[in-house]
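Take a look at the structure below.
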Amino acid sequence: MIKHPSGALGDEKYRPQFHFTPKENWMNDPNGLIYYKGEYHLFFQHNPTENIWGNMSWGHAVSTDLQRWEELPVAIPCTDEVGIFSGSAVIDYTNSTGFGTVENPAMVAIYTEHKNDKSKQSQCLAFSLDNGRTFTQYEGNPVLDLQMSEFRDPKVQWIDNQWLMTVALPDLHQIAFYSSPDLKSWKHLSNFGPAAEIGGCWECPDLFKLNDKWVLLVSLNPGGYQVGSGTQYFIGQWNGKEFIADDIQTRWLDYGRDNYAGVTFNNTPDGRKIFLGWMSNWEYAHTFPTQPWRGAMTLPRELTLEADRLVQKVVGASEIPKITFSTSGGSIRISENEDRFIEIGLREQKIFIDCTRAWSQAALPIPKEFLLQEIAIDTNAVKCEIFIDRGSIELFADGGKYAFTNLTFIDPALTSVTSTGEIHNLVTANLGQTHQN
Ligand code: FRU
C-alpha cells in the first residue's frame with residue numbers, strides 16, 4: 001500500500017508493498033516523526049544520490065493514515081562539510097523561537113550536525129513555515145555544542161512547559177537530558193547510564209510516559225539481542241530533572257534482527273505512542289541486495305505498557321496481509337516451495353521463528369545462527385500475529401508482548417501456509433493479494 005510519487009507501486013524484487021521505502025537510494029533511521037494538521041511526517045536518514053550510506057540528509061514522506069506514504073523532496077540536505085544526522089521535530093505553538101507566529105507556528109527540526117572530518121557532532125535547528133515542505137537553517141547554529149565527536153540524535157518534546165531534549169553520548173553509554181525555554185539555549189539536567197546492555201554505542205533515545213510510568217528507549221549497535229543492532233528500554237520515573245529506572249534489567253523491544261533506531265511520533269492527535277523503526281541491521285545493511293533503493297521502515301506500532309513490558313500493536317492491522325493462529329505446541333510453515341520456508345511456533349515453552357530457509361546466502365552470506373530466534377515464555381499457549389511482506393516478516397506473539405522483526409528473501413505472493421502439532425484458528429487474510437489504493 002505504499003504509494004510512490006509516480007502513483008505506481010514499486011514492483012522491483014523484494015520491494016515491500018505495505019512498508020515505507022524510499023523510491024530510490026539509501027535510507028536508515030526514522031527522523032522528525034510528528035503529526036501536524038492531518039499529516040504524519042516521516043523524515044528519514046537518506047543519501048539522496050547513492051544506494052549506500054553517505055551524504056546524510058533528511059528525506060521526507062507524509063501520510064494521513066500511517067499506511068500510504070507520499071514521498072516528498074529532500075527536506076534538509078547535507079553540505080560538503082556536514083551531514084544531517086538523526087533528530088526530531090516539534091511544533092512551536094507558543095512561538096518560543098520567534099521563527100513563526102502563534103497563528104502559523106514553525107515546525108522545528110532539531111538534528112545532529114556531523115562534521116565529515118569526524119571532529120564534531122553538535123545539535124542544530126532548522127525551521128519550516130510551510131508544513132515541513134521547506135526548511136531554513138537557524139543562523140545561530142549550533143544550539144548545543146559540547147565540542148565532542150560523539151554526541152547525537154536529539155529527541156525534543158514539550159513537557160511541563162519547557163522543551164526537553166533526550167540525546168545520546170554514544171561511546172559513554174549515556175543518555176543526557178537538557179531543558180530549554182526557546183530551543184536555542186539549553187541547560188544540562190542529568191545523565192542516565194551506563195546501564196543494562198552496553199555492548200555497543202548508545203544511539204537514538206526516546207523518552208515518553210505510558211500509564212503512570214516513563215519509558216526510555218535506547219538503541220545500541222552492536223550488542224543487540226542476537227547480533228548487531230538492537231533496541232533496549234528502561235522503565236522508571238521522570239522527575240523533571242532525572243530519569244530514575246525501576247531496575248536496570250535488560251529489556252529488548254524486539255527479538256528479531258531488523259528493528260533499529262526506532263522512536264515515537266510527537267503530537268499524535270489522541271496522545272497514542274506510535275513507533276516506527278528502521279527495518280535493517282548495521283551488520284549487513286549496506287549489502288542487502290535491493291535496488292534502486294535500500295532500507296525500509298517497520299510497520300507503525302502503537303506502544304502500550306502492561307506490567308513491566310512494552311506491548312506493540314500494528315496500526316491498521318486489519319487492512320494488511322496477515323496470518324494468525326494460536327498454539328499450545330506446534331508450528332506453521334510459510335513456504336514458497338519445499339526448500340524455501342519460514343517456520344514459526346512454540347516448542348518447549350519457547351516461541352521461535354526460523355528464517356534459515358528464507359535467506360539467500362548467495363546474495364548476502366551471514367552466519368546461520370542469525371536466522372533463528374527463540375524466547376522462553378511463561379505460558380503454555382500463545383497467540384501469534386504475523387505480517388509478511390516482500391522481503392520481511394514481523395511476528396507479534398502473546399498480544400504483542402514479544403515482537404520479532406526480520407528481513408527475509410521470501411515473496412508472500414508465492415507462499416502457502418501449512419501446520420503441524422497443536423495449531424488452532426489458523427487464518428490467513430489478504431495473503432498474496434496485490435494491494436492497490
Ligand atoms: C543510527 C545512527 C545515528 C546517526 C545516524 C547516521 O543508526 O548511527 O546515531 O545519527 O545513524 O546516519
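We use all heavy atoms of the structure for the numbers below, so side chains are in, but hydrogens, waters and symmetry mates are not. As the structure is a prediction and not an experimental result, all values here were calculated from the model.
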Side chains of [X] and [Y], donor plus acceptor under 3.5 Å:
X: S128; Y: R133; answer: no
X: Q174; Y: N191; answer: yes
X: D182; Y: T97; answer: no
X: H46; Y: E24; answer: no
X: N55; Y: S57; answer: no
X: N221; Y: S219; answer: no
X: Q147; Y: D145; answer: yes
X: E283; Y: S229; answer: no
X: D254; Y: T405; answer: yes
X: Q373; Y: Q226; answer: yes
X: N31; Y: S86; answer: yes
X: N406; Y: T408; answer: no

Which of W293, F43, F44 passes ring pair (Phe, Tyr, Trp, His ring centres under 6.0 Å) with F20? It is F44
Answer yes or no: are there more than 12 heavy-atom neighbours, outside K383 itself, under 6.0 Å from its atom NZ? no
Checklist entry - Quick check: are there more than 12 heavy atoms from other residues, nucleotides or ligands sitting under 6.0 Å from CD of Q291? => result no
**Message:** Please evaluate residues F177 and F192 with respect to the criterion ring pair (Phe, Tyr, Trp, His ring centres under 6.0 Å), reporting the C-alpha separation (whole Å), side-chain torsions for both, the decisive distance (0.1 Å), and the verdict.
**Reply:** CA-CA 8 Å; F177 300 98; F192 173 80; 7.6 Å; no
So do the side chains of [X] and [Y] get within less than 4.5 Å of each other, counting heavy atoms only?
X: F18; Y: L299; result: yes
X: E394; Y: M279; result: yes
X: W158; Y: V90; result: no

Residues pairing under side chain to side chain donor-acceptor pair (under 3.5 Å) where one sits in residues 360-371, two or more places apart or in two chains, turn out to be none
Tell me the closest heavy-atom pair linking [X] and [Y], and the distance in Å.
X: I351; Y: L346; result: N-CD1, 3.9 Å
X: M56; Y: N47; result: CE-N, 4.4 Å
X: M297; Y: N28; result: CE-O, 3.2 Å
X: W58; Y: S88; result: CH2-O, 3.5 Å
X: W26; Y: N51; result: N-OD1, 3.7 Å
X: N281; Y: G228; result: OD1-CA, 3.6 Å

Ring centroids only, cut at 6.0 angstrom: are [X] and [Y] within range, meaning strictly under it?
X: W359; Y: Y284; value: yes
X: Y138; Y: F99; value: yes
X: F85; Y: F151; value: no
X: Y402; Y: F396; value: no
X: F135; Y: F127; value: no

Practice item. Walk me through it: do F288 and F409 pass the test ring pair (Phe, Tyr, Trp, His ring centres under 6.0 Å)? Key: CA-CA 10 Å; F288 199 76; F409 290 86; 5.0 Å; yes
For W238 and F243, what are the C-alpha separation, side-chain angles and deciding distance, and is it a ring pair (Phe, Tyr, Trp, His ring centres under 6.0 Å)? CA-CA 5 Å; W238 172 252; F243 177 78; 7.6 Å; no
Taking the basic N atoms (NZ, or NE/NH1/NH2) and the acidic carboxylate oxygens, is any pair closer than 4.0 Å for [X] and [Y]?
X: K23; Y: E71; answer: no
X: R340; Y: D411; answer: no
X: E302; Y: R272; answer: yes
X: R152; Y: E203; answer: yes

### Query
Think R333 forms a cation-pi with F341, using NZ or CZ under 6.0 Å from the six-ring centre and within 45 degrees of its axis?
yes
task = Take F265 and Y35, measure what ring pair (Phe, Tyr, Trp, His ring centres under 6.0 Å) needs, and give me the verdict at the end.
result = CA-CA 7 Å; F265 279 84; Y35 177 85; 8.6 Å; no
Parallel under 30°, tilted from 30 to 60°, perpendicular over 60°: which one fits the rings of W53 and H114?
-> perpendicular
